[in-house]
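Input: a single structure, listed below in structure tokens.
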Amino acid sequence: MGGPRRRFGTVEDVAGRNHEDPQRSQTDRIVLLETHDPDRARVERTAIATPWRRLRSLTAGLAALLLSVGLAATVWSSLRDGEPPAEEGATPAGAPPAADAPPRLTDAEAGEIQRDNRYSEVDAMLDDIVVGAVFGDGADQRLLYGRPQALDYVPYDRRDFDRVDLDSSGTYLAATYRNAFAQNVLVVGRLQDDGDWVVEPAAVDINGFAWHPHRGGQLGFATANLTGGTQVSVVDLTRSRPFTWFYRADFPGRLRSWGDWGFAFDEPGPAPRTSVARYPDEVSPTANNLLVTLTTGTPGRALGLIGPERLLIDGADVPIVLNLQNAVYESNPWFGEEDEVVRLRTAPSGRFSVALLAPRDAPNHRGGQVVLFTADAEAASQPAVLLFEVAGPTAFDWSTSGRFVAGYQPAVIGEEGDRVSPASITVYDLDRALFVGREIRMADGVNQADLRIDVQTLAFREERLN
């Protein structure tokens with residue numbers, strides 16, 4: 001990728017922690033062997049005592065290798081068996097013929113290994129990850145949902161879905177497609193206790209939708225009103241009888257994001273511009289509440305909060321930070337002008353954020369560097385931590401505690417259209433600088449399916465809502 005390179009720190013730089021316990025500070029060194037031959041790609045584990053100094057060189061070295069050869073590798077960890085596996089079905093070059101498989105461990109024996117395995121918590125968090133995606137092309141697309149290693153079809157008609165998004169709990173899924181009248185149709189699905197899905201149309205002719213970033217089951221969507229403004233409906237699907245609040249803005253716009261702070265809209269027009277509105281001082285559950293306009297015509301698109309009260313807007317010439325308390329534009333201590341923020345997600349605590357950065361002059365902003373940084377403006381001078389690099393679209397999410405963050409790495413496709421490296425999900429443990437990855441697969445075991453999977457969203461699965 002072109003453009004100047006950022007200076008990256010370590011997780012210790014960002015979190016400000018001192019990890020002196022050698023058991024908690026050990027991590028694995030990743031070694032990629034012959035990554036141009038996927039049958040020989042594997043991971044070797046070598047314990048080192050001071051990963052915090054090496055995390056930066058590890059991630060940067062891995063990223064440089066991936067970029068130099070145009071490939072990627074999934075981070076494997078077989079926690080229950082205690083050894084890192086080679087790619088399934090692969091035999092490393094020079095290895096002896098496969099012997100008879102050893103007997104499987106009993107649950108008790110596996111439990112003993114798991115208790116002594118410092119990766120077990122990270123692996124457990126991977127088991128809590130769910131992914132939302134679309135599969136196929138054009139009108140033959142299908143919605144997908146499930147754990148990374150077992151994606152399955154959501155029972156709904158084949159459509160040309162242009163967007164799919166999970167709520168923060170991983171229990172609800174919303175998607176849109178265009179009908180024969182060129183209207184955007186919103187469909188909403190809920191995962192039932194028995195594992196089945198109920199998916200139904202929710203609204204027609206909508207103009208953008210978004211889930212609340214931290215409150216599961218709360219969905220907002222916009223429609224145009226007769227006065228040239230925007231009508232917003234917020235539905236709480238967690239109630240036995242879903243309840244809807246109604247809001248209206250006195251400007252046109254497409255709903256992009258919302259939360260406890262208010263709403264952000266994409267303005268109509270050829271250039272990306274943003275309008276932001278806050279809730280009125282008093283909100284009536286039975287009225288159509290008029291939102292208080294903070295700003296209109298701000299260049300760029302609203303990407304999300306940094307901390308509790310700063311809204312990041314980017315996609316134009318420079319990243320803009322809007323203070324939602326006083327509608328004042330503040331200086332930006334997080335990113336340089338050469339960095340365009342393509343995607344952003346802040347932890348529920350507001351302490352840390354993860355973002356996808358790309359050079360501002362890059363012709364394609366679908367890929368870039370995924371970095372972790374502090375969301376405290378006073379500590380923003382600390383360098384960001386490079387988590388991974390991607391050459392295509394990505395998604396990420398935080399656990400409720402803010403200790404874990406998950407990221408999606410799309411498959412790397414060769415010049416002839418074949419899969420060189422599989423799509424994967426990786427969970428990072430920020431407290432101990434550990435991470436574990438898992439290849440994305442269909443529930444029926446089709447390995448090549450990720451060539452046509454468009455993973456748009458992922459979430460840490462929370463407790464089942466009402």
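Excluded from the calculations below are hydrogen atoms, water molecules and symmetry mates; all remaining heavy atoms, backbone and side chain alike, are included.
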Under a 4.5 Å cut-off applied to non-hydrogen side-chain atoms, are Asp397 and Val405 in contact? no
Is it the case that Tyr408 and Ser424 place a side-chain donor and acceptor less than 3.5 Å from each other? no
Backbone N or O of Ala379 within a donor-acceptor pair of the Thr374 side chain at under 3.5 Å? no
May I ask you to decide if Ala302's main-chain N or O and Arg256's side chain share a donor-acceptor pair within less than 3.5 Å? yes
Going by an N to O cut-off under 4.0 Å, is there a salt bridge joining Glu200 and Arg190? no
Taking C-beta and beyond as the side chain, do Ser168 and Trp211 meet within less than 4.5 Å on heavy atoms? no
Would you check if there is a donor-acceptor pair between the side chains of Asp250 and Thr293 at a distance under 3.5 Å? yes
Hey, are Thr176 and Asn184 close enough side-chain-wise for a donor-acceptor pair under 3.5 Å? no
From Leu312 atom CG to Leu305 atom CG, the distance as rounded to the nearest 0.5 Å: 9.5 Å
How close do Gly304 and Leu344 get, heavy atom to heavy atom, and via which atoms? O-CD2, 3.5 Å
Start with the C-alpha gap between Val370 and Val354, add the side-chain angles, then the distance that decides, and say whether side-chain contact (heavy atoms from CB on, under 4.5 Å) holds. CA-CA 7 Å; Val370 176; Val354 63; 3.6 Å; yes
Approximate separation, where rounding is to 0.5 Å, of Leu324 CG and Arg278 CZ: 5.5 Å
Distance alone, cut at 3.5 Å: any donor-acceptor contact between the side chains of Gln192 and Asp196? no
I need the single residue from Ile129, Asp127, Leu191 that forms a side-chain contact (heavy atoms from CB on, under 4.5 Å) with Arg461. Which is it? Leu191
If you take all heavy atoms of Leu255 and Ala264, which pair is closest and at what distance? CD1-O, 3.7 Å
Side-chain donor or acceptor of Trp398 paired with backbone N/O of Ala459 under 3.5 Å: no
Does any part of the side chain of Phe246, heavy atoms only, come nearer than 4.5 Å to the side chain of Gln231, both counted from C-beta? yes
Flag the pair Asp429 / Tyr119 as yes when at least one side-chain heavy-atom distance between them is below 4.5 Å, and no otherwise. no
Is the side chain of Thr244 donor-acceptor paired with the backbone N or O of Val235 at a distance under 3.5 Å, no angle test? no
Heavy-atom side-chain proximity of Pro285 to Phe243 below 4.5 angstrom: yes
Looking at Phe161, is Arg178 sitting on its ring face, NZ or CZ under 6.0 Å from the six-membered ring centre and within 45 degrees of the normal? no
Side-chain donor-acceptor pair present, Ser275, Thr296, cut-off under 3.5 Å: no
Donor-acceptor check, side chain of Arg441 to backbone of Gln149, threshold 3.5 angstrom: yes or no? no
For Ile425 and Leu126, the nearest pair of non-hydrogen atoms, with its separation, is O-CD2, 3.9 Å
Go through Tyr145 and Tyr153 one step at a time and tell me if the ring-ring contact (aromatic ring centres under 6.0 Å, His included) criterion holds. CA-CA 6 Å; Tyr145 174 92; Tyr153 296 106; over 10 Å; no
For the residue pair Ser169 and Asp167, confirm or rule out a side-chain donor-acceptor distance under 3.5 Å. yes
Whether Thr426 side chain and Gly437 backbone form a donor-acceptor pair below 3.5 Å: no
Inspect the contact between Arg254 and Glu267 and indicate whether a charged nitrogen and a carboxylate oxygen are less than 4.0 angstrom apart. no
Leu357 side chain near Val342 side chain, heavy-atom distance below 4.5 Å: no
Enter the distance from Leu186:CG to Ile206:CD1 here, rounded to the nearest 0.5 Å. 4.5 Å
Starting from the C-alpha separation in whole Å, work towards a yes-or-no answer on side-chain hydrogen bond (donor to acceptor under 3.5 Å, both in side chains) for Thr238 and Asp236. CA-CA 6 Å; Thr238 65; Asp236 186 351; 2.6 Å; yes
What one should report as the nearest heavy-atom pair of Pro319 and Asn332 is CG-ND2, 3.3 Å
Rounded distance [0.5 Å steps], OG in Ser353 versus CZ in Arg345: 10.5 Å
Assign the ring pair Tyr177 / Tyr156 to parallel, tilted or perpendicular, where the plane angle (0 to 90°) is split at 30° and 60°. tilted
Calculate, to the nearest 0.5 Å, the distance between atoms CZ and CG belonging to Arg163 and Asp165 respectively. 5.0 Å
The residue among Phe221, Tyr279, Trp258 that forms ring-ring contact (aromatic ring centres under 6.0 Å, His included) with Tyr247 is Tyr279
Determine yes or no for a side-chain-to-main-chain donor-acceptor pair under 3.5 angstrom, with Asn225 supplying the side chain and Gly228 the backbone. yes
Rounding to 0.5 Å, atoms CZ (Phe135) and CG (Leu151) come to a distance of 10.0 Å
Side chain Arg360, main chain Asp317, donor-acceptor under 3.5 Å: yes
Here the pair of heavy atoms bringing His214 nearest to Thr346 is CE1-O, 3.6 Å
Is any side-chain heavy atom of Leu387 closer than 4.5 Å to one of Phe396? no
Answer yes or no: is there a side-chain heavy-atom contact under 4.5 Å between Asp157 and Arg142? no
Quick one: closest heavy-atom pair of Val427 and Val122, and the distance? O-CG1, 3.5 Å
In terms of side-chain geometry, is the basic nitrogen of Glu330 or Arg310 positioned less than 4.0 Å from the acidic oxygen of its partner? yes
With a 6.0 Å cut-off (strictly less than), is the heavy-atom count around CG of Asp162, excluding the residue itself, greater than 12? yes
Taking atom types as modelled, is there a side-chain donor on Asp260 or His212 under 3.5 Å from an acceptor on the other? yes
